[in-house]
There are 2 protein chains.
Amino acid sequence: MFQPCQNGAVTKAKRVQRTQRRTDALSKERIIETAIEILDTEGESALTFRALAARLATGSGAIYWHVANKDELLAAAASDVIARVVTDVAGGTESREAIRSIALGVYDAIDAHPWVGTQLSREPWQFAVLRIFEAVGGQLQALGVPEPAQFNCASALVNYVLGLAGHHAAAARLLAPGTDRTAFLATAAARWAQLDPAQYPFMRQVAAQLPGHDDREQFLAGIDLILAGIGEKVR
Amino acid sequence: MFQPCQNGAVTKAKRVQRTQRRTDALSKERIIETAIEILDTEGESALTFRALAARLATGSGAIYWHVANKDELLAAAASDVIARVVTDVAGGTESREAIRSIALGVYDAIDAHPWVGTQLSREPWQFAVLRIFEAVGGQLQALGVPEPAQFNCASALVNYVLGLAGHHAAAARLLAPGTDRTAFLATAAARWAQLDPAQYPFMRQVAAQLPGHDDREQFLAGIDLILAGIGEKVR
DNA sequence: ACTCTGGATGGAACGTTGTTCCAGGCGCGG
DNA sequence: CCGCGCCTGGAACAACGTTCCATCCAGAGT
């Protein structure tokens with residue numbers, strides 16, 4: 001009947017002034033760390049409380065003492081990864097360049113951990129998203145975007161990044177097994193080339209450009225496009 | 001051992017030149033239609049094969065004869081909704097305006113059917129996304145965007161829309177019960193206002209603007225921002 | 001030194017889900 | 001009228017997230 005977790009601060013404070021109960025003590029940090037490990041090495045679908053419990057050599061019930069549910073676990077894991085990326089931006093760089101750098105950081109993080117992409121577009125105002133929003137917003141202020149426009153500009157940038165994040169993660173989910181990326185692109189191109197020319201002329205034209213296409217470059221092109229639009233607000 | 005479904009064309013062709021076996025015959029169309037009904041009235045989590053079977057007065061096995069799995073069902077449902085929206089754009093309108101209209105159509109569709117937002121960011125190159133991409137791409141050609149830039153521009157617009165779609169759908173999922181939108185905004189604003197001022201100055205500033213904030217307007221502002229960026233490519 | 005206590009543990013059990021399997025039913029071609 | 005094959009409906013399966021509870025154990029109180 002008691003309410004576990006959600007009072008992590010108290011638990012932690014007590015733990016600090018107490019010798020660890022055991023050397024292999026469970027903790028929220030260790031759980032999240034292990035969860036990230038599983039997500040990275042075996043994919044999103046492999047993260048189950050059973051698998052997590054097995055790797056931590058405990059039972060699923062014990063995990064629930066530290067973590068409210070799977071949603072919280074995933075949100076915390078994503079927040080961890082994003083935090084590392086967003087705080088990485090070196091100070092002193094020009095704002096426009098800093099935004100590019102933040103966006104690329106997030107992109108690369110999602111590329112390395114596709115499950116982050118899924119998570120970012122699963123819960124609306126989770127911590128990880130707030131972090132990105134804050135980082136981007138700060139640079140927009142520095143860039144001289146007038147205050148009323150700042151929210152809209154940040155929203156545009158962040159939503160673009162999140163859209164690509166979800167898309168990327170979904171693609172990675174399909175790719176997961178052995179196939180390599182160029183083969184995947186070729187398959188997509190072939191499928192698009194077979195679309196009805198009357199109904200899908202644009203997709204067919206794009207299909208031709210698909211081999212030799214660089215996702216990362218396209219991502220950055222999109223950021224630059226939005227930055228160009230924002231530039232008009234500054235001038 | 002036989003392979004059901006995936007040959008819908010053949011099945012349908014036969015059915016046309018044959019009197020319906022029953023008046024209440026099952027069909028992929030009727031299944032999708034019913035699925036959309038459930039999704040709209042009871043939310044994403046209510047769509048289970050059991051609930052679907054119950055409403056169709058049949059068993060779950062029968063549904064699997066017409067539909068490969070839940071992913072296909074959701075993709076087909078989303079494609080249905082999006083198709084209605086994207087083909088709605090009146091011909092003859094100016095390209096920039098047409099793109100705005102397409103985007104707003106998708107936005108409104110997601111607002112009315114939040115589950116579509118979830119679905120769009122779940123599978124990478126599903127039909128619904130292709131439809132949007134094609135519609136946007138066509139207008140970009142008409143706008144005079146040089147061919148090499150068309151793919152990037154379309155990608156930016158579509159990813160922005162999808163990002164917002166996922167975000168919106170996730171928010172709707174939380175909102176689902178009885179709470180109204182203004183109360184939800186107030187809650188978010190209050191939460192953001194409590195963030196560490198040193199670490200989250202921007203979020204706190206934005207929190208102040210959050211009451212009296214219009215999602216739809218912000219969405220359109222984002223589209224205009226990207227269009228402004230694209231405008232520089234045309235000039 | 002001994003008990004007491006409540007935070008922490010681990011594994012069994014529950015309810016629900018997507019999916020598979022299979023024993024039939026039904027209408028059309030022979 | 002029969003039998004073949006498309007189609008049906010519901011039972012059964014495996015896996016999941018979550019709950020429950022008997023048990024453990026380090027430190028506070030005596």
Side-chain angles (χ1 to χ4, degrees), chain A residues 1-31 34-35 38-39 42-75 122, chain B residues 1-31 34-35 38-39 42-75 122:
Chain A
M1 194 45 67
F2 41 78
Q3 202 67 4
C5 143
Q6 94 183 13
N7 51 356
V10 176
T11 308
K12 203 169 173 186
K14 271 196 184 167
R15 168 150 326 171
V16 167
Q17 50 185 205
R18 189 213 288 184
T19 70
Q20 275 190 340
R21 300 175 50 115
R22 305 215 205 130
T23 51
D24 67 333
L26 222 46
S27 71
K28 191 162 177 177
E29 293 81 38
R30 217 161 70 85
I31 292 173
T34 311
I38 295 179
L39 286 165
E42 302 174 54
E44 312 182 35
S45 61
L47 182 67
T48 66
F49 274 82
R50 274 165 245 270
L52 195 52
R55 199 181 275 228
L56 287 165
T58 180
S60 31
I63 298 176
Y64 275 90
W65 181 262
H66 299 273
V67 170
N69 52 38
K70 196 173 182 180
D71 281 354
E72 189 195 294
L73 178 61
L74 283 168
R122 251 181 58 83
Chain B
M1 195 42 65
F2 41 76
Q3 202 68 3
C5 137
Q6 97 182 8
N7 50 0
V10 176
T11 308
K12 200 168 174 187
K14 272 196 184 167
R15 169 152 324 169
V16 167
Q17 50 184 213
R18 190 213 286 182
T19 70
Q20 275 190 339
R21 299 177 51 119
R22 304 216 206 133
T23 52
D24 67 333
L26 222 47
S27 71
K28 191 163 178 177
E29 293 83 38
R30 215 159 72 84
I31 292 174
T34 309
I38 294 179
L39 287 166
E42 303 173 51
E44 311 181 36
S45 61
L47 182 68
T48 66
F49 274 81
R50 274 166 246 268
L52 196 53
R55 199 181 274 227
L56 287 165
T58 180
S60 33
I63 297 175
Y64 274 91
W65 181 262
H66 299 274
V67 169
N69 53 36
K70 195 173 183 180
D71 282 355
E72 188 196 295
L73 179 60
L74 283 169
R122 252 181 58 84

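Lettering follows sequence order; numbering is per chain, from 1.
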Heavy-atom nearest pair, A:Leu73 first then A:Ala35, reads CD1-CB, 4.1 Å
Starting at atom CG of B:Leu26, determine the distance to atom P of C:dG25, rounded to an integer number of angstrom.
19 Å
Tell me: CD1 of B:Ile63 to P of C:dT19, nearest whole Å?
11 Å
Nearest-nucleotide comparison on DNA chain D, the residue closer to the 5′ end among A:Asp71 and B:Ala57:
B:Ala57
Are A:Trp65 and C:dA8 close enough that a side-chain N or O sits under 4.0 Å from OP1 or OP2?
yes
When the distance from CG of B:Asn69 to P of C:dT19 is rounded to whole Å, what number comes out?
5 Å
Can you confirm whether A:Glu44 sits close enough to A:Leu74 that some side-chain heavy atom of one is under 4.5 Å from a side-chain heavy atom of the other?
no
Separation of atom CZ in B:Arg30 from atom P in D:dC7, rounded to whole Å
14 Å
5′-ward residue of the pair A:Ser60/B:Lys70 relative to DNA chain C
A:Ser60
Between B:Ala62 and A:Ala62, who's closer to the 5' end of DNA chain D by nearest nucleotide?
B:Ala62
Hey, what do you get for CD (B:Glu29) to CG (B:Leu26), rounding to the nearest 0.5 Å?
10.5 Å
Touch class at under 4.0 angstrom, heavy-atom based, for A:Ala54 against every strand present:
nothing
Looking only at heavy atoms, the pair that brings A:Phe49 and A:Ile63 closest together is CE2-CG2, 3.6 Å
Nearest heavy-atom contact between B:Ala46 and B:Ala51 is O-CB, 3.6 Å
Take the protein atom CG of B:Leu73 and the nucleotide atom P of C:dG18, then report the distance between them rounded to whole Å.
10 Å
So how far is it from B:Ser45 OG to B:Leu39 CG, rounded to the nearest 0.5 Å?
9.5 Å
Reported OG1-to-CG distance for the pair A:Thr34 and A:Leu52, which is rounded to 0.5 angstrom:
6.5 Å
Does A:His66 make a side-chain N or O approach to OP1 or OP2 of C:dG7 shorter than 4.0 Å?
no
Let me know the distance between OH of A:Tyr64 and P of D:dC16, rounded to the nearest Å.
12 Å
Can you list, in residue-number order, the parts of residues 42-51 of chain A that come under 4.0 Å of DNA chain D, counting heavy atoms only?
A:Leu47, A:Thr48, A:Phe49, A:Arg50
